[in-house]
Amino acid sequence: MLKYLLAVSALLFSQLVLANTNCIVTSYQAVDQQSPSTTVVKGEGKNQEVVVTQRPPLRCAMVEFHTEYYQPRVANAMKGNFIATYVNGKEVSARRLSFPGDQVKTGYIDIGPENPAKAYVCFTQSHVPIESVECTLRP
C-alpha cells in the first residue's frame, strides 16, 4: 500500500512539474495609440474660453513570448496574463489582447519553447511609458 501511495504521489508530483506555466517574454516593442483631444467651450459671448485637453495615449506593446513546455491556450482567456510595468513603477494588467489571425486555430493558440507567439497587448491610458512587459500563465 505504501509503495502504491508513493507511486501515485510521484506521478502527481511529476505532473505538476510538467505543468510548469512559466511564460517568457523574449521581446516587446511599445506602441502608443494617441487619444483624440477634447475641446470644451466655457462661458458665453465675450467671456468664451476654449479649452483643449489631450488625453494620455493608450499604452500598448507588440509582445513575443514562449513557454518552457508546449501549452495550447484559449486565446481570449490570456488577456489577464500580461502585466506592464510603467517607468514610475506602477503595474497594470492588459485590457485588450489580439493575436495575428494565423496563430489562432479554433480559438486556441499553441505556445512552446520552439513555437513562440506574438500578441498585440494594450494596457491603460498613461502619460508614463512602459518600462517592461511580463506574462504569467495560469494552469
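Every heavy atom of this structure was used, including side-chain atoms; hydrogens, water molecules and symmetry mates were not.
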- Taking all non-hydrogen atoms of both residues, which atom of A61 and which atom of Y28 are closest, and how far apart? CB-CD1, 4.2 Å

- Message: Tell me whether the count of non-hydrogen atoms from other residues, nucleotides or ligands lying under 6.0 Å of CG in N76 goes above 12.
- Response: no

- Any donor-acceptor pair under 3.5 Å linking the side chain of N81 with the backbone of T136? yes

- Would you say the side-chain atoms of Q33 pair up with the backbone N or O of C60, donor to acceptor, closer than 3.5 Å? no

- Task: Kindly compute the distance separating CD1 (I130) from OG1 (T85), expressed to the nearest 0.5 Å.
- Result: 9.5 Å

- Query: Is there a donor-acceptor contact under 3.5 Å from the side chain of S93 to the main chain of G80?
  - Reply: no

- Message: With rounding to the nearest 0.5 angstrom, report the CD to NE2 distance, Q71 to H66.
- Response: 11.0 Å

- Query: In Å, rounded to the nearest 0.5 Å, how long is the span from CZ of R73 to CG of L137?
  - Reply: 4.5 Å

- Message: Looking at Y108, I want to see if its OH is surrounded by more than 12 non-hydrogen atoms of other residues, nucleotides or ligands under 6.0 Å.
- Response: no

- Query: Rounded to the nearest 0.5 Å, how far apart are CD of E91 and CD1 of I83?
  - Reply: 6.0 Å

- Query: So, F65 versus F82, ring centres under 6.0 angstrom or not?
  - Reply: yes

- Query: Are V87 and V133 joined in one hydrophobic group, where the rule is that I, L, V, M, F, W and Y side chains link up if heavy atoms are under 4.5 Å apart?
  - Reply: yes

- Between the main-chain N or O of D110 and the side-chain N or O of N115, is there a donor-acceptor pair closer than 3.5 Å? yes

- Between P56 and Q125, the two heavy atoms sitting closest are O-NE2, 3.4 Å

- Item | Interatomic distance, E131 atom CD to K90 atom NZ [nearest 0.5 angstrom] | 15.0 Å

- Item | From CA spacing to verdict: side chain to side chain contact (heavy atoms under 4.5 Å, CB included), C122, R95 | CA-CA 6 Å; C122 290; R95 303 278 167 90; 5.6 Å; no

- Nearest heavy-atom neighbours spanning Q103 and K118: OE1-O, 2.9 Å

- Side-chain donor or acceptor of R59 paired with backbone N/O of H127 under 3.5 Å: yes

- Hydrophobic cluster identity match, Y86 and V25, side-chain contacts under 4.5 Å: yes

- Message: Taking V63 as the starting point, is it possible to reach L58 by hopping between hydrophobic residues whose side chains are less than 4.5 Å apart?
- Response: no

- How about Q29: does its CD atom have over 12 heavy atoms from other parts shown lying under 6.0 Å from it? no

- Applying the 4.5 Å side-chain criterion to the ILVMFWY set and letting contacts propagate, would V121 and V104 be lumped into a single cluster? yes

- Query: Does the side chain of Q34 reach to within under 4.5 Å of the side chain of P57, using non-hydrogen atoms?
  - Reply: yes

- Message: Nearest 0.5 Å, please: how far is SG in C135 from CG in L97?
- Response: 10.5 Å

